[in-house]
Chemist: 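Here's a structure for you.
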Amino acid sequence: MVSLIGASVQFIFSFGLLFEYWKERTSGNGAQFLFDFNISWFEPLHIHYHVGIDGISLAMIMLTAFVVIAGILVSWTQETLYKEFFFLLLILSAGAYGYFISLDLFTLFFFLELAVIPKFMLIGIWGSGKKEYSALKLALMLMAGSALVFVGLIGLYFNTDINGAHSFDLVEISQMHVSTTVQNTFFPLAFIGFGIFTALFPFHTWVPDGHSSAPTAASMFLAGISMKLGGYGCLRVATYLMPDAAHHYAPVIILLSTIAIIYGAFTTMMQKDLKYINAYSSISHCGFVLLGIGMLTQTSITGAVLQMVSHGLMTALFFAAIGMIYSRTHTRLTEQLGGLLKVLPFISTVFVMAGLCSLGLPGLSGFVAEMTIFMGSWQNPDQWYRLATILACASIVVTAVYILRAAGKSVMGPIRNVQYNHLMDAGWNERLAAGILITGIVAIGVAPFWLYNLITPGTEYIIQHVGKAITLK
Amino acid sequence: MTMTMGIDFLVLMKQEWMVIAILFILLFIKVSGDDWQNKNILKLVSILLFINLITGFFWYRNGILFNEMFKTNHLIVTEKNILSLGTFIVSLQSYSWLKNNKQIIEFYLLLLSTLLGMFFMISAGNLLMFYLGLELSSIPLAALANFDLEKRKSGEAAFKFIISSAFASGLLLFGISLVYGTTGTLTLSALSEHLDGSPLQIFAFILLISGFGFKISAVPFHLWTADVYEGSPVTVTSYFSVISKGSVLFVFVTVLYTAFKSYAVTWNHILFILSVLTMVTGNLFAIRQNNLKRFLAFSSISQVGFILIGMSGQSQAGTASVVYFILIYTFSNLGAFGVISLVSAYSGKENMEEYKGFYKTNPRLSWVLAISLFSLAGIPPTAGFFGKFFLLMAGAGQGNYLLITIAALNMVISLYYYLKIIKAIFMDTNENPIDRLLTAPAPKLALIICTTGILLTGFVGYIYEYIFSMSTIF
């Protein structure tokens with residue numbers, strides 16, 4: 001109950017923040033970061049607690065708020081050790097919020113790691129299946145990711161020179177030019193480190209296990225927020241602060257993300273467990289995010305951010321629907337399900353909507369995001385990049401295949417199990433949770449311009465930066 | 001003249017005088033033959049140690065006594081305060097173990113003698129004085145290791161410790177004598193000018209490093225650690241791993257940065273190899289342990305590896321990060337040992353399997369143990385995160401990114417075994433878990449201090465700033 005109130009307050013605050021932000025922007029405040037707050041933390045090392053937001057972080061905060069409140073609503077009926085459960089969920093969300101507002105790399109890293117262990121506990125204690133294995137795998141892979149990020153950040157720190165001192169401050173580092181050699185050394189570390197969080201191929205193996213063993217709310221957090229931590233880091237830290245290297249390594253990023261997109265899509269086709277389907281499709285969808293970042297055009301990066309938000313909402317909705325189905329039927333295998341639309345009309349509709357969003361139906365957020373990425377990618381005239389774009393586009397067909405098949409098998413058709421006739425449809429909390437997420441998806445899908453306008457100033461800064469790096473060459 | 005001299009004696013050596021006073025009070029109680037109840041002795045000692053801790057924070061003075069045999073400054077006083085704090089916590093934790101022990105006064109006499117030895121060792125401005133302090137601190141420790149008189153393992157631990165410790169002392173003495181033979185001085189501050197890099201001096205230097213390596217149980221000088229830690233009573237083990245080790249590390253830092261400043265390039269390489277070996281070996285062996293005391297022994301070995309990285313940095317950031325980390329390490333390791341010693345005192349269980357399902361019966365103790373372990377693993381928001389971060393940052397200051405990468409990946413390995421314990425406590429089920437423990441007020445207070453320290457030290461940036469500002473003086 002307390003956590004719901006807390007989450008609602010967060011939810012309302014994030015809207016308040018949105019309106020404040022708009023007010024500031026419309027009143028002509030053109031600063032890069034608004035609500036800047038800077039306080040010294042460890043002065044001898046020039047470590048500050050420095051936070052502030054721009055459009056990109058605001059979009060991510062909104063996403064977090066949506067997913068957190070929905071996640072808490074869904075786990076309303078949690079009975080075993082419920083205090084600990086919500087405590088850990090809230091620590092996780094605190095990590096995510098803090099991460100998105102950090103403008104100091106130390107603060108950012110602090111929040112990034114803060115969000116790892118709660119996932120381990122959530123999966124290990126309340127999970128299902130081979131939960132201990134998945135939890136350990138997830139925690140260790142993510143920690144390895146953050147270890148790489150750590151080395152990358154430290155390397156960056158010691159090669160900065162701001163008035164004769166080193167600095168972790170994101171704004172300060174972005175205003176100076178770090179030498180290209182340094183960038184080329186530490187960019188891969190940071191990018192792969194963040195990439196592990198966002199299922200960069202071939203470091204994606206924690207995703208299916210982690211998602212499938214996690215309890216519903218934790219899956220929603222994992223896919224909805226935590227994988228976005230990585231994408232945001234790739235963009236804000238790796239690409240923004242080391243633009244030369246981003247340009248240098250762009251082919252590798254594009255190659256890996258294209259592999260992830262196609263590999264993810266085809267692997268999904270083979271899955272029978274609903275959670276595995278969504279987990280593998282997440283790998284494919286997060287590949288789009290990295291593809292957008294790797295293409296380094298204004299539109300593609302905006303698309304990447306849009307995709308992060310859209311995928312966060314969509315996948316949270318998907319996992320929520322799967323969780324609702326599982327808690328009633330106690331199976332997630334598509335073969336054993338069937339005809340759920342007749343007995344669980346609401347849940348099935350939610351499930352189908354999430355699926356449609358995932359395959360990019362116009363009118364929902366997935367379409368907007370993916371369209372933007374493809375358009376942005378096509379702007380890049382290199383023929384190999386165009387090939388990657390075409391391949392990525394083609395994967396949508398595969399997506400359609402597995403989504404429609406999964407939806408067809410599990411919610412359409414005759415009821416395969418007579419016991420399903422007595423199932424109860426969604427309760428108030430589940431309806432509310434799904435409603436909140438669907439609102440977000442539809443709002444982006446029908447009227448994408450508000451989010452687009454929110455993000456664009458942020459991505460412009462990044463593109464200017466990258467542009468400078470390219471012209472310097 | 002004599003007047004100021006007297007005041008100097010009192011003020012500069014205030015912490016030593018305090019410990020000596022406590023020692024004498026205990027001695028009087030013992031000799032007078034009055035029948036004191038253990039409970040009252042424990043209370044008295046706790047209060048005295050608390051006063052000792054508090055007095056450490058007043059009357060800071062820099063100064064030198066006895067022709068540089070004894071020196072003190074803000075940094076040294078702070079280091080001693082950390083040790084006093086650790087001893088205070090250990091003494092609180094030993095409550096449940098010592099409650100019915102007949103030799104309680106002897107225990108404290110020995111414990112405080114070692115503390116006194118460490119104080120002299122830290123304050124030593126001369127290698128001879130350092131050696132004297134070291135011996136005063138290590139011989140009573142062997143007696144402490146043997147304090148479970150009826151257990152054979154305890155005796156074995158003591159014997160192993162005394163032999164390896166004597167061997168290390170022998171190496172140190174040999175090194176010291178060679179240093180004296182080639183330079184003609186033993187004063188630390190004068191030594192750096194007299195070192196010219198002759199082969200004999202290098203040999204002496206290596207002997208000294210090996211001696212230190214034994215005391216801080218760096219690989220390959222670590223072989224005594226696990227057996228001694230396992231055999232000794234839990235309280236003594238925690239004292240070994242935190243306070244005894246911490247004090248030697250403090251001296252090690254000073255000796256490297258002052259006396260052997262001119263060998264910086266050499267010892268940077270040595271520290272690189274030592275730290276990698278120590279981290280990796282400590283971690284790999286820790287994974288295979290089942291007994292929690294043994295496990296913590298190996299985990300503390302790998303922690304030393306991280307500390308050595310911090311040491312390889314530049315002097316100010318390096319010293320600051322080491323001292324800061326040891327403060328945090330005191331909280332975290334004593335927190336973990338505190339819970340284990342409670343469980344061991346009540347049920348005699350020390351194995352990982354026996355901790356399965358611990359959360360069901362003892363949720364609070366489980367959280368304390370979990371927080372301590374997270375802090376040892378370096379997970380935010382616990383203080384261990386900040387400690388490790390700064391250690392590695394100090395190490396990276398020299399541009400040694402390979403070392404940092406190895407260390408960062410080692411943190412992942414170490415996380416694995418810490419998480420294994422967390423898994424046993426929180427996730428596994430057990431048919432006969434450890435009973436619900438009733439914690440006496442004293443150990444509870446100790447655990448509260450540790451937990452508060454772990455949770456707050458990182459957020460109070462002032463603590464690090466304070467240590468950093470003092471780390472310039474040697």
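Atoms considered below: every heavy atom in the structure, side chains included; atoms not considered: hydrogens, waters and symmetry mates. Every chain is numbered from 1, with letters handed out A, B, ... down the list of sequences.
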Chemist: Can you confirm whether F272(B) is buried at CZ, in the sense that more than 12 heavy atoms of other residues, nucleotides or ligands lie under 6.0 Å from that atom?
Modeler: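 Counting neighbours around CZ of F272(B), more than 12 heavy atoms of other residues, nucleotides or ligands fall under 6.0 Å, so yes.
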
Chemist: Within the structure provided, determine whether M121(A) and I422(B) are in side-chain contact (heavy-atom separation under 4.5 Å).
Modeler: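 A side-chain contact under 4.5 Å exists here.
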
Chemist: Using heavy-atom distances under 4.5 Å, tell me whether F459(B) contacts chain A through its side chain, its backbone, both, or neither.
Modeler: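 The answer is both parts of F459(B).
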
Chemist: Could you tell me whether the side chain of L419(B) reaches within less than 4.5 Å of the side chain of I117(A), counting heavy atoms only?
Modeler: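 Side-chain contact under 4.5 Å: yes.
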
Chemist: Where along residues 385-392 of chain B does a heavy atom come under 4.5 Å of chain A, listed by residue number?
Modeler: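 Those residues of residues 385-392 of chain B which have a heavy atom under 4.5 Å from chain A are F385(B), F386(B), F389(B), F390(B), L392(B).
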
Chemist: Can you confirm whether M393(B) sits close enough to F106(A) that some side-chain heavy atom of one is under 4.5 Å from a side-chain heavy atom of the other?
Modeler: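 Not touching, per the 4.5 Å side-chain cut-off.
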
Chemist: Chain A heavy atoms under 4.5 Å from Y324(B): which part of the residue, side chain, backbone, both or neither?
Modeler: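 Side chain only.
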
Chemist: Please round to the nearest 0.5 Å and tell me the distance separating atom CG of N400(B) and atom CZ of F158(A).
Modeler: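 Result: 11.5 Å between the selected atoms.
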
Chemist: Quick check for you: among Y49(A), F110(A), F111(A), which has the greatest number of heavy-atom pairs under 4.5 Å with chain B?
Modeler: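 The answer is F110(A).
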
Chemist: Measure the spacing between CZ of F150(A) and CG of L409(B) and express it to the nearest 0.5 Å.
Modeler: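 Spacing of CZ (F150(A)) from CG (L409(B)) equals 11.0 Å.
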
Chemist: Based on non-hydrogen pairs under 4.5 Å, which of G458(B), A320(B), A407(B), A317(B) is most in contact with chain A?
Modeler: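 So the answer, after comparing G458(B), A320(B), A407(B), A317(B), is G458(B).
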
Chemist: Tell me whether F87(A) at atom CZ has more than 12 heavy atoms from other residues, nucleotides or ligands lying less than 6.0 Å away.
Modeler: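 Open: at most 12 neighbouring heavy atoms sit under 6.0 Å from CZ of F87(A).
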
Chemist: Is the number of heavy atoms from other residues, nucleotides or ligands under 6.0 Å of Y416(B) OH greater than 12?
Modeler: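 Open: at most 12 neighbouring heavy atoms sit under 6.0 Å from OH of Y416(B).
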
Chemist: Decide yes or no for E84(A) and F426(B): does some side-chain heavy atom of the first lie under 4.5 Å from some side-chain heavy atom of the second?
Modeler: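 They are not in side-chain contact.
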
Chemist: Of all heavy-atom pairs between Y401(B) and G155(A), which one has the smallest distance, and what is that distance?
Modeler: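 The answer is CE2-CA, 3.7 Å.
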
Chemist: Quick one: pull up NZ in K423(B) and CD in E132(A) and give me the separation to the nearest 0.5 Å.
Modeler: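 One gets 4.5 Å once the value is rounded to the nearest 0.5 Å.
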
Chemist: More than 12 heavy atoms of other residues, nucleotides or ligands under 6.0 Å from NZ of K360(B): yes or no?
Modeler: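 No.
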
Chemist: Which region of L136(A), side chain (C-beta onward) or backbone (N, CA, C, O), has a non-hydrogen atom less than 4.5 Å from a non-hydrogen atom of chain B, or is it both or neither?
Modeler: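 Answer is side chain: those atoms of L136(A) sit under 4.5 Å from chain B.
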
Chemist: Flag the pair P380(B) / F109(A) as yes when at least one side-chain heavy-atom distance between them is below 4.5 Å, and no otherwise.
Modeler: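 Answer no - side chains too far apart.
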
Chemist: Can you give me the closest heavy-atom contact between L415(B) and A139(A), atom names plus distance?
Modeler: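 That would be CD2-O, 4.3 Å.
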
Chemist: Under a 4.5 Å heavy-atom cut-off, does chain B meet the side chain of I47(A), its backbone, both or neither?
Modeler: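 The side chain, not the backbone.
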
